[in-house]
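Letters A, B, ... mirror the listed sequences (proteins, then strands); counts begin at 1.
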2 protein chains.
Amino acid sequence: MSKCDQCIIKQFNSLKALGKEDLIRISGCKTSRFVNKGEVLFREGESINGVYCVKDGVCKLSKLSANGKDQIVKLVVRGDLIGQRSLVSDEKSNLTAIALNDMEVCFIPKNEVMHDLTNNAKFSLDMLQEMAKELKTADNIIVDMAQKSVKQRLADVLIYLQETFDKDDNGFLNVILSREDYANLVGTATESAIRILSQFKKSGLIFTKGKHVKIEDLEGLRRVE
Amino acid sequence: MSKCDQCIIKQFNSLKALGKEDLIRISGCKTSRFVNKGEVLFREGESINGVYCVKDGVCKLSKLSANGKDQIVKLVVRGDLIGQRSLVSDEKSNLTAIALNDMEVCFIPKNEVMHDLTNNAKFSLDMLQEMAKELKTADNIIVDMAQKSVKQRLADVLIYLQETFDKDDNGFLNVILSREDYANLVGTATESAIRILSQFKKSGLIFTKGKHVKIEDLEGLRRVE
DNA sequence: TTTAAACTATGATATTTGTCATGTTTTGAT
DNA sequence: ATCAAAACATGACAAATATCATAGTTTAAA
């Protein structure tokens, strides 16, 4: 089993604030897990009882709305932690996590994290800073959801994907979303998302082949209104 | 000048996690301030350099969207802290704070709060928990903004106001919002907010007299769709 | 490789929401 | 108490978005 203190991934999240001793202790308790594309990591309402550290792959965090539709609240990528919020609040998860491609994650039990949160002010402050960052992002999304058109929000999502994910040899985004996922990211009907993506394709802003998407004109997407 | 360790307000926020000594130290640095209705506490982009603790009154936190409209992200009430997020991230404010009625606030300089954040794990953890709660609320708002109709969102706002604010002798809400504020809370045009409020009034869900609003049928509001 | 299921595409139409115009009411300063 | 400015109200219309129907395409499992 690989050791946390030697893991590159820790650089990207609050675990970097821990000392070697703490990381070795956590290594002893953590479990590693492979998650297949489409598999559910956990569901809304379940107790997670720990945090996941994403070593590889992407997953979507979504929430079921009153009208029965899923809203994707966040995409989680390599290096991110999942489940901190529920852990800190000592609540069941308010979100469902589903893998968008094959993932490798480490699970760190709640007690270990709480131990460091209560004893290590540096770790605690770092996690506070990460959560503050997430809150700012969430506030920005609220404003966008409330004020931007569906077309703008979809353009924003495409820009975000282009800036966040790797591309394959042909320039296609290395993350595969269904049209329904796009719809659930921007909060619209699947048909509307399909229509707008087709429109973007016709205007040369993107190119698509099945679910594979390539961003052709990033600046053009920024000008969408 | 009143002392923090004797202030009832501290029960409602993270300051409760501090010991008497720390509270007395903070008392010595804090400043008290009265803010008139409509007055700007701080603007988006300004450095706050501390946190405000709301002793009395209500204020709105809003963000200017790309299209020039304000989106109200949160209402802040007696007992709440303002500015923690920016303080923790060491960033300028991403929100504008405007008083909705006459307020009394205490301002605690950044250094004092940071001192406790870095030295007092209990305080730091408590603030982490508060921020986790805010993040959950923000995620819920994202889902509502994305999935609910304007009418439902406006009904939600009215339910929230009824459950959060005091009523006067005649049952009117003790917080006065303009129709534009209602529009900026739900993310719609002012005319749309006006129309829907009129409609709610006609159906007996609410009663209005100028800006004064009384909730007549809370359960009816919950059934709006 | 085949084949059914899932996903994508698109037209027609209904509904929601925004915008503009105009008139009325309320509010706050004098 | 008066009056102008701000806020509220409402109609008419335009634009955005959702819904329903139907057909074509892709995907993944047998």
Spacing between [X] atom [atom1] and [N] atom [atom2], to the nearest angstrom:
X: A:His212; N: D:dT27; atom1: NE2; atom2: P; value: 6 Å
X: B:Ile194; N: C:dT26; atom1: CD1; atom2: P; value: 13 Å
X: B:Arg153; N: C:dG18; atom1: CZ; atom2: C1'; value: 13 Å
X: B:Leu177; N: D:dA6; atom1: CG; atom2: C1'; value: 17 Å
X: B:Gln199; N: D:dC8; atom1: CD; atom2: C1'; value: 16 Å
X: A:Leu197; N: C:dT8; atom1: CG; atom2: C1'; value: 11 Å
X: A:Glu225; N: D:dA15; atom1: CD; atom2: P; value: 14 Å
X: B:Glu180; N: C:dG18; atom1: CD; atom2: P; value: 14 Å

Report yes if a side-chain nitrogen or oxygen of [X] is closer than 4.0 Å to either non-bridging phosphate oxygen (OP1 or OP2) of [N]; otherwise report no.
X: B:Lys69; N: C:dG18; value: no
X: B:Ser192; N: C:dG18; value: yes
X: A:Ser198; N: C:dT10; value: yes
X: B:Lys209; N: C:dT25; value: no

Q) Touch check for A:Lys201, heavy atoms < 4.0 angstrom, all strands: base, sugar-phosphate only, or nothing? A)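 The answer is nothing, as A:Lys201 stays clear of every strand by at least 4.0 Å.
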Q. What does A:Ser149 touch in the nucleic acid at a heavy-atom separation under 4.0 angstrom: a base, only the sugar-phosphate, or nothing?
A.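 Since only primed, P, OP1 and OP2 atoms lie under 4.0 Å of A:Ser149, the category is sugar-phosphate.
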**Q.** Between A:Ser65 and A:Asn67: side-chain donor-acceptor atoms closer than 3.5 Å
**A.**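 Yes - a donor-acceptor pair under 3.5 Å links their side chains.
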Q: Answer yes if the side chains of A:Glu134 and A:Gln84 hold a donor-acceptor pair under 3.5 Å, and no otherwise.
A: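 A donor-acceptor contact under 3.5 Å links the two side chains.
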Q | Residue closer to the 5' end of DNA chain D, A:Lys37 versus A:Thr188 (nearest nucleotide) | A |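 Checking each residue's closest nucleotide, the 5'-ward one belongs to A:Thr188.
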(Q) Quick check: on DNA chain C, is the nucleotide nearest B:Lys148 upstream (toward 5') of the one nearest B:Lys211, or the reverse? Name the residue that is more 5'. (A)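 The answer here is B:Lys148.
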Q: For B:Phe172, enumerate each residue passing the ring-ring contact (aromatic ring centres under 6.0 Å, His included) test, keeping only those at least two apart in sequence or located in another chain.
A: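 ring-ring contact (aromatic ring centres under 6.0 Å, His included) list for B:Phe172, sorted by chain: empty.
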Q) Which nucleotide in the set C:dG18, D:dC8, D:dT17 lies at the smallest distance from any side-chain heavy atom of B:Ala189? A)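 Of the candidates, C:dG18 comes closest.
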Q.
Please pick, from D:dT17, C:dT19, D:dC20, the nucleotide with the shortest atom-to-atom distance to any side-chain atom of A:Glu191.
A.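 Out of D:dT17, C:dT19, D:dC20, the nucleotide with an atom closest to A:Glu191's side chain is D:dC20.
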Q: With sequence neighbours excluded, tell me which residues meet salt bridge (charged side-chain N to carboxylate O under 4.0 Å, His left out) with A:Glu91.
A: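 Once residues adjacent in sequence are excluded, the partners of A:Glu91 under the salt bridge (charged side-chain N to carboxylate O under 4.0 Å, His left out) criterion are A:Arg85, B:Lys136.
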(Q) Main chain of B:Thr190, side chain of B:Arg179: is a donor-acceptor contact present, judged purely on distance under 3.5 Å? (A)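 Not at all, since once roles are kept as given, no pair shorter than 3.5 Å links the two residues.
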Q) Can you find a donor-acceptor N/O pair under 3.5 angstrom joining the side chain of A:Arg195 to the base of D:dT19? A)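 Such a pair exists between side chain and base.
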